[in-house]
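Letters A, B, ... are given to chains in the order of the sequence lines, protein chains preceding strands, and every chain is numbered from 1. Hydrogens, waters and symmetry mates are skipped; everything else that's a heavy atom, side chains included, is used.
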Amino acid sequence: MRYWLFKSEPDEYSIEDLQQSAQQGTCWFGIRNYQARNFLRDELQQGDQLFFYHSSCKQPAIVGTASIISHSYPDPTAYDPQSSYFDIKSTPEQPRWFATDIQWRSTFHQPVTLAAMKQHPALNGMFLIKKGNRLSIQPVSEAEWRLINALGEAS
DNA sequence: GCCAACGTTGGC
DNA sequence: GCCAACGTTGGC
């Protein structure tokens with residue numbers, strides 16, 4: 001089992017939206033970056049867990065957790081000419097982009113803000129903290145997973 | 001709104 | 001295969 005961090009703009013899709021769809025899960029689509037795609041296609045496994053991160057908002061923060069509930073599969077929006085994620089070079093024979101299903105698991109009692117993570121010495125090496133990293137899907141170590149969960153559950 | 005840090009594209 | 005120009009992300 002591995003740990004990940006997924007970014008989402010709360011205006012587009014927030015942890016509240018994720019929680020409301022907890023029964024059926026949520027299709028996570030629209031990843032259009034090759035490095036993120038490779039993680040999604042090659043390394044994410046059913047049962048993995050992830051931090052849900054709110055980006056491009058007032059208080060960028062990890063706000064909760066979710067789990068991967070499917071294998072990765074070709075991103076249907078890449079085939080849809082009506083979709084802004086349409087990519088003519090992605091075909092059913094050779095899909096270029098992938099999606100997966102995730103399911104809400106927890107909302108943190110206290111969001112763990114980017115500022116707090118930057119200040120925490122133990123999180124210096126975090127993918128998210130490394131300068132200029134903008135990946136929308138990125139790996140998280142087990143130590144980081146434990147620490148941030150503890151920070152988020154603390155009141 | 002600004003801008004740094006990437007990623008992508010395309011000419012050569 | 002290089003690299004300049006351009007586009008995007010996302011914190012501030």
So, using ring-ring contact (aromatic ring centres under 6.0 Å, His included) as the criterion, who are the partners of A:W145 when residues are at least two apart?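 A:W145: ring-ring contact (aromatic ring centres under 6.0 Å, His included) contacts with A:Y3, A:F51.
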Pairs touching residues 24-33 of chain A that satisfy side chain to side chain donor-acceptor pair (under 3.5 Å), sequence neighbours left out: A:Y13-A:T26, A:R32-A:D75, A:R32-A:T77
Under the side-chain contact (heavy atoms from CB on, under 4.5 Å) test, residues paired with A:S90 that sit two or more places apart: A:A78, A:Y79, A:D87, A:P95, A:R96, A:W97
Just jot down the side-chain hydrogen bond (donor to acceptor under 3.5 Å, both in side chains) partners of A:D80, sequence neighbours excluded, or say none. none
Non-neighbouring partners of A:E142 that pass salt bridge (Lys or Arg N to Asp or Glu O under 4.0 Å), sequence neighbours left out: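 Only A:R146 meet the salt bridge (Lys or Arg N to Asp or Glu O under 4.0 Å) criterion with A:E142.
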Nucleotides 6-12 of chain C: protein proximity per nucleotide (B base, S sugar-phosphate only, - neither; heavy atom, under 4.0 Å): --BBBSS
